[in-house]
Amino acid sequence: MKIYEKAPAKINLLLDVMRKREDGFHEVEMIMTMVDLADRLEMEELQSDSIFISSQAGYIPLDEKNLAFQAARLIKDRYNVRKGVYIHLDKNIPVAAGLAGGSSDAAATLRGLNRLWQLGISEDELCTLGAELGSDVPFCVTGGTAIARGRGEKLERIPNPPQCWVILAKPPINVSTADVYGKLRASELKQHPSTQDMVEAISQGSFADVCANLGNVLETVTLQLHPEVLQMKDIMQRLGADGVLMSGSGPTVFGLVSKEAKVSRIYNGLRGFCKEVYVVRMLT
Ligand SMILES: C[C@](O)(CO)[C@H](O)COP(=O)(O)OP(=O)(O)OC[C@H]1O[C@@H](n2ccc(N)nc2=O)[C@H](O)[C@@H]1O
Ligand SMILES: Nc1ncnc2c1ncn2[C@@H]1O[C@H](COP(=O)(O)OP(=O)(O)OP(=O)(O)O)[C@@H](O)[C@H]1O
């Protein structure tokens, strides 16, 4: 039997960091939403007690380092499943981009195996399992739009933002999330984005106020480390995007655009500077 799952990419409309915790992670407050750029997973049960991963993308690990592998092993161990699984990953989300591609694959694997093996695991329990795999995985399990607190595992669902075009531009660099958090001095941050104002803007359906309240404190680190990201933000702004921000720890920069007529001009302008440019929509 085959099971199919989509693994959408996420963007952070707001990312604030309060402090470094004793466990080495950071206390965060983020607003995340999904876009319609997704990996596609195909899962097939194996009679043997093994996990096999394949992908057309040559640049991700296919062994126990793969987050989909880790998700399969976790659910098998925790629910005593002796059967095995073959997972094919059709990768569309750029890797180490700030779009939670690996995290979303892990979340899709948890959802898919719950269905394949009819385990009857609740969404809350899937999120709890996901938190053992990574801080973005719980949000990727539920999708939608949410405020994420704690390490990123405490979720509060909120309405979706007003529909718009999202242009993603990934400069040709890989950014390590651990490296960016490691260089952040949360106590020295001079500015914090306002979660309350962003939630208000989303609840009111005000596209202009959503753009005005975009903010990501990890930019203070990544833009210093990788000037290409700052340059990509400048280009996106100069080409006329209504709102521009770096997603996650970067390097992907996203632009929010309300009018379709502007989209192709911005896309074509960005293509002159960047190979990996995607025009997508918010997932509602
Ligand atoms: C940057 C974001 O992607 C924004 O959505 C997330 O905050 C990070 O999510 P993630 O990549 O799933 O993070 P994890 O894989 O759990 O952690 C990677 C590394 O990032 C750092 N990390 C992550 C989350 C967090 N709240 N504080 C941290 O300091 C830790 O050094 C950790 O070892
Ligand atoms: N299924 C997977 N897809 C992509 N990367 C994976 C996968 N499994 C493991 N990885 C590894 O995880 C790292 C990046 O994962 P991912 O693509 O989620 O980063 P990201 O998009 O920056 O995530 P975040 O938004 O959380 O920073 C890379 O080192 C990659 O080799």
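Predicted model only: the values in this text are computed from it and were never measured. For ligands, and for the atoms within them, numbers begin at 1 and follow the listed sequence.
- For Lys262, the NZ atom sits in a packed shell: over 12 heavy atoms of surrounding residues, nucleotides or ligands are nearer than 6.0 Å.
- Between the side chains of Ser206 and Asp209, at least one donor N or O sits under 3.5 Å from an acceptor N or O.
- Scanning the protein heavy atoms around atom 4 (C) of ligand 1, the nearest turns out to be Asn12 ND2, 3.5 Å.
- Listed by chain and residue number, nothing satisfies the side-chain hydrogen bond (donor to acceptor under 3.5 Å, both in side chains) test with Glu123 (two or more places apart in sequence, or in another chain).
- The nearest protein atom to atom 18 (C) of ligand 1, hydrogens excluded, is given as Thr177 CG2, 4.3 Å; this is a heavy-atom distance.
- Between Lys183 and Asp179, at least one side-chain N (NZ, or NE/NH1/NH2) sits under 4.0 Å from a carboxylate O, which counts as a salt bridge.
- Ligand 1 has no atom lying under 4.0 Å from any heavy atom of Ala100.
- The nearest protein atom to atom 25 (C) of ligand 1, hydrogens excluded, is given as Phe25 CD2, 3.7 Å; this is a heavy-atom distance.
- Taking both residues in full, the closest heavy atoms of Lys10 and Gly248 are given as NZ-CA, 3.8 Å, listed atom of the first, atom of the second, then distance.
- Remark: the Ser54 side chain and the Tyr86 side chain contain an N/O donor-acceptor pair separated by less than 3.5 Å.
- Side chains of Glu200 and Gln204: a donor-acceptor N/O pair is present below 3.5 angstrom, by distance only.
- Only the side chain of Leu15 comes within 4.0 Å of ligand 1, counting heavy atoms alone; its backbone N, CA, C and O stay farther away.
- Thr109 places a side-chain N or O within 3.5 Å of a backbone atom of Asp105 that can act as its donor or acceptor partner.
- At a 4.0 Å cut-off, at least one heavy atom of Ser103 sits close enough to ligand 1 to count as contact.
- Of the charged side-chain nitrogens involved, none lies within less than 4.0 Å of a carboxylate oxygen, so that Arg151 and Asp23 do not count as a salt-bridged pair.
- The closest approach between any non-hydrogen atom of Lys20 and ligand 1 is not below 4.0 Å.
- Protein heavy atom closest to atom 29 (O) of ligand 1, with residue, atom name and distance, is His26 ND1, 2.8 Å.
- Taking every non-hydrogen atom of Val28 and a distance limit under 4.0 Å, the qualifying atoms of ligand 1 come out as 26 (N).
- Using a distance-only test at 3.5 Å, with no hydrogens or angles considered, a donor-acceptor pair links the side chain of Ser247 to the main chain of Gly98.
- The ligand atoms of ligand 1 that sit less than 4.0 angstrom from a heavy atom of Lys10 are 3 (O), 4 (C), 5 (O).
- Contacts of Asp136 with ligand 1, taken as heavy-atom pairs under 4.0 Å, involve both backbone and side chain.
- Remark: ligand 1 atoms within the under-4.0 Å shell around heavy atoms of Ser249 are 1 (C).
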(request) Please assess Leu113 against Met43 for the test side-chain contact (heavy atoms from CB on, under 4.5 Å), listing each intermediate value before the final yes or no. (result) CA-CA 8 Å; Leu113 293 183; Met43 289 164 242; 3.9 Å; yes
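- Checked by atom type and distance alone, the side chain of Gln56 pairs as donor or acceptor with a backbone atom of Lys91 at under 3.5 Å.
- Between the side chain of Thr128 and the backbone N or O of Asp124, at least one donor-acceptor pair lies under 3.5 Å.
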(request) May I have the step-by-step check of side-chain contact (heavy atoms from CB on, under 4.5 Å) for Trp165 and Val279, ending in yes or no? (result) CA-CA 7 Å; Trp165 296 93; Val279 175; 3.7 Å; yes
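- Of the protein's non-hydrogen atoms, Gly134 CA, 4.3 Å is the one closest to atom 15 (O) of ligand 1.
- With a 4.0 Å cut-off on non-hydrogen atoms, Glu27 does not touch ligand 1 at all.
- Among all protein heavy atoms, the one lying closest to atom 21 (C) of ligand 1 is Tyr181 CD1, 3.4 Å.
- The heavy atom nearest to atom 13 (O) of ligand 1, considering only Gly24, Ser135, Ala106, is found in Ser135.
- Which parts of ligand 1 touch Met32 is read off a 4.0 Å heavy-atom cut-off, strictly below it: atoms 5 (O).
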For ligand 2, find each of its N or O atoms that sits under 3.5 Å from a protein N or O atom, and tabulate the pairs with distances to one decimal place.
{"unit_1": "ligand 2", "atom_1": "1 (N)", "unit_2": "Asn66", "atom_2": "OD1", "d": "3.3"}
{"unit_1": "ligand 2", "atom_1": "1 (N)", "unit_2": "Asp105", "atom_2": "OD2", "d": "2.9"}
{"unit_1": "ligand 2", "atom_1": "3 (N)", "unit_2": "Lys91", "atom_2": "NZ", "d": "2.8"}
{"unit_1": "ligand 2", "atom_1": "3 (N)", "unit_2": "Asp105", "atom_2": "OD2", "d": "3.4"}
{"unit_1": "ligand 2", "atom_1": "8 (N)", "unit_2": "Leu67", "atom_2": "N", "d": "3.0"}
{"unit_1": "ligand 2", "atom_1": "17 (O)", "unit_2": "Ala96", "atom_2": "N", "d": "3.1"}
{"unit_1": "ligand 2", "atom_1": "17 (O)", "unit_2": "Gly102", "atom_2": "N", "d": "3.4"}
{"unit_1": "ligand 2", "atom_1": "18 (O)", "unit_2": "Gly101", "atom_2": "N", "d": "3.4"}
{"unit_1": "ligand 2", "atom_1": "18 (O)", "unit_2": "Gly102", "atom_2": "N", "d": "2.7"}
{"unit_1": "ligand 2", "atom_1": "21 (O)", "unit_2": "Ala97", "atom_2": "N", "d": "3.4"}
{"unit_1": "ligand 2", "atom_1": "21 (O)", "unit_2": "Gly98", "atom_2": "N", "d": "3.3"}
{"unit_1": "ligand 2", "atom_1": "21 (O)", "unit_2": "Leu99", "atom_2": "N", "d": "3.1"}
{"unit_1": "ligand 2", "atom_1": "21 (O)", "unit_2": "Ala100", "atom_2": "N", "d": "2.8"}
{"unit_1": "ligand 2", "atom_1": "21 (O)", "unit_2": "Gly101", "atom_2": "N", "d": "3.4"}
{"unit_1": "ligand 2", "atom_1": "22 (O)", "unit_2": "Ala97", "atom_2": "N", "d": "3.2"}
{"unit_1": "ligand 2", "atom_1": "22 (O)", "unit_2": "Gly98", "atom_2": "N", "d": "2.9"}
{"unit_1": "ligand 2", "atom_1": "23 (O)", "unit_2": "Ala100", "atom_2": "N", "d": "3.4"}
{"unit_1": "ligand 2", "atom_1": "25 (O)", "unit_2": "Lys10", "atom_2": "NZ", "d": "3.3"}
{"unit_1": "ligand 2", "atom_1": "25 (O)", "unit_2": "Gly98", "atom_2": "O", "d": "3.4"}
{"unit_1": "ligand 2", "atom_1": "25 (O)", "unit_2": "Leu99", "atom_2": "N", "d": "3.3"}
{"unit_1": "ligand 2", "atom_1": "25 (O)", "unit_2": "Ala100", "atom_2": "N", "d": "2.9"}
{"unit_1": "ligand 2", "atom_1": "26 (O)", "unit_2": "Asp136", "atom_2": "OD2", "d": "2.8"}
{"unit_1": "ligand 2", "atom_1": "27 (O)", "unit_2": "Thr177", "atom_2": "OG1", "d": "2.9"}

